[in-house]
Amino acid sequence: MTSIISFLIDHEVFAFDTLKVRNILELDKVTWVPNAKEYLKGVINLHGNIIPIADLRMMMGIENIENSQDTAVIVVSDDDKTESLIGFVVDGVKEVFDLEEADIKESVINGNTGLINTFTGSIRKNDEFIHIIDLVEVVKEIEK
């Protein structure tokens, strides 16, 4: 049994493993950092920790991004260390739910997904596909 948190990016549903999620925040003031990659929006101070914020929508090649009242930041850690916290901007958080690992199938995504190319798999729930993003690979891309 595993638990995932689903979220929206450009009307598609994606997910992270909930064991990697540390906080869910409203998109607030982000302090710009010079000479950063385009998708790195800046940093925030979260409980005394400086957290880089990456726009997952931009990383996936989405253009004409507009923030709404549902836009959120999901703060994650791929190795459970405070130093490795990173926030990802998404269009909105949907739900947290449990699933059997056997329900996760090979990813059904075909085509260009920007910088995000590795998925743990996909599941079908309530007539929609949910694509589970491999967080370790996303962090490696950011660290390049």
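Just so you know, residue 1 is the first one in the sequence shown, and it goes up from there.
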Fill in: Working for side-chain contact (heavy atoms from CB on, under 4.5 Å), residues Ile5 and Ile24
CA-CA 10 Å; Ile5 182 168; Ile24 299 171; 3.1 Å; yes
Worksheet item: Quick one: hydrophobic cluster around Val33, which other residues, with the 4.5 Å side-chain cut-off, linked directly or via members?
Response: Val43, Ile50
Worksheet item: From Asn67 CG over to Gln69 CD, what is the distance, rounded to the nearest 0.5 angstrom?
Response: 12.0 Å
Item to complete: Please round to the nearest 0.5 Å and tell me the distance separating atom CD1 of Ile123 and atom NE2 of His131.
Response: 10.5 Å
Discussion item. Applying the side-chain contact (heavy atoms from CB on, under 4.5 Å) criterion to Leu135, which one of Val21, Thr120, Val76, Ile86 satisfies it?
Written reply: Val76
Practice prompt. Kindly compute the distance separating CG (Leu56) from OH (Tyr39), expressed to the nearest 0.5 Å.
Written response: 10.5 Å
Worksheet item: If you group Ile, Leu, Val, Met, Phe, Trp and Tyr whenever their side-chain heavy atoms sit less than 4.5 Å apart, what else falls in with Leu19?
Response: none
Discussion item. Holding to ring-ring contact (aromatic ring centres under 6.0 Å, His included), I want the full list of residues that pass it with Phe16, two or more places apart in sequence or in another chain.
Written reply: Phe7, Phe88
Discussion item. Less than 4.0 angstrom from a charged side-chain N to a carboxylate O is my criterion; do Lys140 and Glu137 meet it?
Written reply: yes
Worksheet entry | salt bridge (charged side-chain N to carboxylate O under 4.0 Å, His left out) contacts touching residues 52-77 (sequence neighbours left out) | Asp55-Arg57, Arg57-Asp91
Worksheet entry | Pairs touching residues 27-49 that satisfy salt bridge (charged side-chain N to carboxylate O under 4.0 Å, His left out), sequence neighbours left out | none
Item to complete: Flag yes if Val13 and Leu99 sit in one hydrophobic cluster, no otherwise; membership is Ile, Leu, Val, Met, Phe, Trp, Tyr, and two members link when side-chain heavy atoms are under 4.5 Å apart.
Response: yes
Worksheet item: Would Met58 end up clustered with Ile62 when hydrophobic side chains under 4.5 Å apart are linked, directly or stepwise?
Response: yes
Worksheet item: Residues in side-chain hydrogen bond (donor to acceptor under 3.5 Å, both in side chains) with Asn45, at least two apart?
Response: none
Practice prompt. Flag the pair Ser122 / Ile104 as yes when at least one side-chain heavy-atom distance between them is below 4.5 Å, and no otherwise.
Written response: no
Discussion item. Let me confirm one number: the CD1-NZ distance from Ile132 to Lys105, rounded to the nearest 0.5 Å.
Written reply: 11.5 Å
Worksheet entry | Qualifying residues under salt bridge (charged side-chain N to carboxylate O under 4.0 Å, His left out), relative to Lys125, sequence neighbours excluded | Glu95
Practice prompt. Would you indicate whether the side-chain heavy atoms of Val138 and Ile133 approach each other to under 4.5 Å?
Written response: yes
Practice prompt. Taking the side chain as every heavy atom from C-beta outward, state whether His47 and Asn23 have any atom pair closer than 4.5 Å.
Written response: yes
Worksheet item: With a cutoff of under 4.5 Å between side-chain heavy atoms, which Ile, Leu, Val, Met, Phe, Trp and Tyr residues group with Val73?
Response: Leu25, Leu27, Val30, Ile44, Leu46, Ile51, Ile53, Val75, Leu85, Val89
Discussion item. Please enumerate all residues that pass side-chain hydrogen bond (donor to acceptor under 3.5 Å, both in side chains) together with Arg124, with sequence neighbours excluded.
Written reply: none
Item to complete: Would you kindly confirm whether Leu8 and Ile130 end up in one hydrophobic cluster when ILVMFWY residues are joined by side chain heavy atoms under 4.5 Å apart?
Response: yes
Item to complete: Evaluate side-chain contact (heavy atoms from CB on, under 4.5 Å) for Glu143 paired with Val139, printing each intermediate quantity in order.
Response: CA-CA 6 Å; Glu143 290 176 344; Val139 171; 3.6 Å; yes
Item to complete: For residues Phe97 and Ser6, determine if any side-chain heavy atom of one lies less than 4.5 Å from a side-chain heavy atom of the other.
Response: yes
Worksheet entry | Sequence neighbours excluded, every pair satisfying salt bridge (charged side-chain N to carboxylate O under 4.0 Å, His left out) that has a member inside residues 5-18 | none
Item to complete: If you link ILVMFWY side chains whenever their heavy atoms are less than 4.5 Å apart, which other residues fall into the same cluster as Met1? By chain and number, please.
Response: none
Worksheet item: Can you check whether Asp134 reaches Phe119 side chain to side chain, under 4.5 Å on heavy atoms?
Response: no
Worksheet item: Which value, rounded to the nearest 0.5 Å, describes the distance between Ile4 atom CD1 and Lys20 atom NZ?
Response: 14.5 Å
Worksheet entry | Under the side-chain contact (heavy atoms from CB on, under 4.5 Å) test, residues paired with Asp79 that sit two or more places apart | Ser77, Lys81, Ser84
